[in-house]
Participant: 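Once you've had a glance at the structure underneath, I'll fire off some questions.
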Number of protein chains: 2
Amino acid sequence: MPEDKTDPIARFDLGAFLPYRLNAAAARVSRAFAEHYREEFGISIAEWRVLAHLHHAGPVSVRDIEARTEMEKSKVSRAATRLEEAGYVAKAANDADRRLVQLTLTPDGRALVARLLPVAMRFQAEMKARLGPHAEGLEAALSVLLEARR
Amino acid sequence: MPEDKTDPIARFDLGAFLPYRLNAAAARVSRAFAEHYREEFGISIAEWRVLAHLHHAGPVSVRDIEARTEMEKSKVSRAATRLEEAGYVAKAANDADRRLVQLTLTPDGRALVARLLPVAMRFQAEMKARLGPHAEGLEAALSVLLEARR
DNA sequence: TTGACATTGTTGCATCTGCAATGAATGTTG
DNA sequence: CAACATTCATTGCAGATGCAACAATGTCAA
């Protein structure tokens, strides 16, 4: 319990702590977004990311998705397996390098993505509308935080 | 794979999708912050949040922490149990309502928080320095997203 | 007072997660 | 070419997570 109200450490408030606020906001948005498709389409966030990346980049390997979606390779691998079992994704060996697994959208997968993306874009539009003039500032800040470095 | 490069759905890029970017940035920041204390202090993010809230608000119940830290009550309960086992927190029954568990920092807990908070504040300061002029915009946007629940 | 209903915190359970170990394939070096 | 190192994807495992069920306690109207 803080005693000295002028001491910045004593008055530390988790609710004003930037890393906490960033996480709380991300969790809320993520949760709200998941509600838009979890029940209707039956896929998880990890699976949604894999589908979206396959839609955007075409057939790629697990490694590629790992590199471009901030997901652990085991997470990608498991998401891909579930998507394969659901019939949305096909796995094939790469002839040039047989360590690689080529992931491809099946026709069912393309159909799913075609229904999924409008929902995503509408959600993003609503989010930006809610942010109003702050949307730009958020994008800029996220760009800084996501800059290459580590 | 998108065919029509002018169709916003066809050209959808996960890397430009705001909810994804928000989550990726939050995950990075969270991870970087956790590295600052996980090994040195041996506590998790959930435990850190409970400690910080106890420091700020004094003795409170699990329900209070649940309401103010965006954590499930089971998560709070388990974090509190671990902190109690580690000697940082004491649990006591509330005489007025015996369903409530009063959580209190022990002397060891206060000592831990005293070492933890400077690390947190320094981390936040570095984060804001990195954001530069975008820090303000980020704070404003987070305030909108964290506004009255939905 | 009683009895239905609500609240609080814990726990069981299924699932998810990250990390490390593994096996298979490829690359590299002498 | 042989031996070793590296890369890729999967899997085992321990721990974390969310949800629902639960027991204990409290509230309130009849």
Side-chain angles (χ1 to χ4, degrees), chain A residues 23-24 26-35 38-39 42-50 53-54 59-86 89-104 150, chain B residues 23-24 26-35 37-39 42-50 53-54 59-86 89-104:
Chain A
N23 252 275
R28 274 206 190 181
V29 169
S30 216
R31 187 180 204 76
F33 180 47
E35 280 175 10
R38 178 170 300 165
E39 188 177 346
I43 61 169
S44 70
I45 293 181
E47 287 153 26
W48 142 256
R49 287 185 184 175
V50 169
H53 188 65
L54 281 177
V60 292
S61 67
V62 169
R63 175 194 53 171
D64 289 323
I65 299 183
E66 176 192 5
R68 293 172 200 164
T69 63
E70 295 272 332
M71 294 169 66
E72 290 286 320
K73 60 181 177 178
S74 61
K75 203 173 173 178
V76 176
S77 174
R78 282 159 174 150
T81 297
R82 287 191 297 269
L83 289 171
E84 185 190 27
E85 287 166 355
V89 159
K91 291 183 183 178
N94 182 320
D95 292 329
D97 184 343
R98 293 205 316 232
R99 292 170 303 182
L100 302 179
V101 171
Q102 286 290 26
L103 300 175
T104 318
R150 192 180 306 203
Chain B
N23 253 274
R28 273 208 191 180
V29 168
S30 218
R31 187 181 204 74
F33 180 47
E35 280 174 11
Y37 61 79
R38 178 168 297 165
E39 188 177 348
I43 63 168
S44 70
I45 292 181
E47 288 153 25
W48 142 256
R49 286 184 184 176
V50 170
H53 188 64
L54 282 177
V60 291
S61 68
V62 169
R63 175 195 53 171
D64 290 323
I65 298 182
E66 176 191 5
R68 293 172 200 164
T69 63
E70 295 271 333
M71 294 168 67
E72 291 286 319
K73 61 181 179 176
S74 61
K75 202 172 173 179
V76 175
S77 174
R78 282 160 173 148
T81 297
R82 286 192 296 269
L83 289 170
E84 185 191 26
E85 287 167 354
V89 157
K91 291 183 183 178
N94 181 320
D95 292 329
D97 185 342
R98 292 205 317 232
R99 291 171 305 182
L100 302 180
V101 171
Q102 286 290 28
L103 300 175
T104 319

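Each chain gets a letter, A, B and so on, in the order its sequence line appears, and its residues count up from 1. Worth saying up front: this structure is predicted, and the values here are computed from it rather than measured.
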Participant: Starting at CZ of B:R38, measure out to CZ of B:F33 and round the result to the nearest 0.5 Å.
Facilitator: 11.0 Å
Participant: If you pin B:K73 and A:S61 to their nearest nucleotides in DNA chain D, which one's is more 5'?
Facilitator: A:S61
Participant: Does A:E70 come within less than 4.0 Å of B:R28, counting only side-chain N to carboxylate O?
Facilitator: yes
Participant: Residues of residues 93-100 of chain A with any non-hydrogen atom less than 4.0 angstrom from an atom of DNA chain C: list those, numerically ordered, please.
Facilitator: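 The answer is A:D97, A:R98, A:R99.
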Participant: Give, for atom OG1 of B:T69 and atom CD1 of B:I45, the distance between the pair rounded to the nearest 0.5 Å.
Facilitator: 12.5 Å
Participant: To the nearest 0.5 Å, tell me how far A:K91 NZ sits from A:Q102 CD.
Facilitator: 13.0 Å
Participant: Distance check, rounded to the nearest 0.5 Å: B:M71 atom CE versus B:R49 atom CZ?
Facilitator: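 Output value for this atom pair is 6.0 Å.
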Participant: From CD of B:E70 over to C1' of D:dT17, roughly how many Å is that when rounded to an integer?
Facilitator: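 Going from B:E70 (CD) to D:dT17 (C1'), I get 16 Å.
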Participant: Pick out the pairs of N or O atoms, protein on one side and nucleotides 15-19 of chain C on the other, that lie under 3.5 Å.
Facilitator:
from, atom 1, to, atom 2, distance (Å)
C:dG18, O6, A:R78, NH1, 2.9
C:dG18, O6, A:R78, NH2, 3.4
C:dC19, OP1, B:R31, NH2, 3.2
C:dC19, OP2, A:E72, OE2, 3.4
C:dC19, OP2, B:R31, NH2, 3.1
C:dC19, N4, A:S74, OG, 3.4

Participant: How many angstroms lie between CZ in A:R63 and CZ in A:R99, if you round to the nearest 0.5 Å?
Facilitator: 8.0 Å
Participant: Could you tell me if the side chain of A:V60 sits less than 4.5 Å from the side chain of A:L54, heavy atoms only?
Facilitator: yes
Participant: Counting N and O atoms only, with roles assigned by atom type, does the side chain of A:S77 sit under 3.5 Å from a partner on the main chain of A:K73, one being a donor and the other an acceptor?
Facilitator: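 Checked: no pair found.
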Participant: For the pair made of CD1 in A:I65 and C1' in D:dC8, what is the distance, rounded to whole Å?
Facilitator: 13 Å
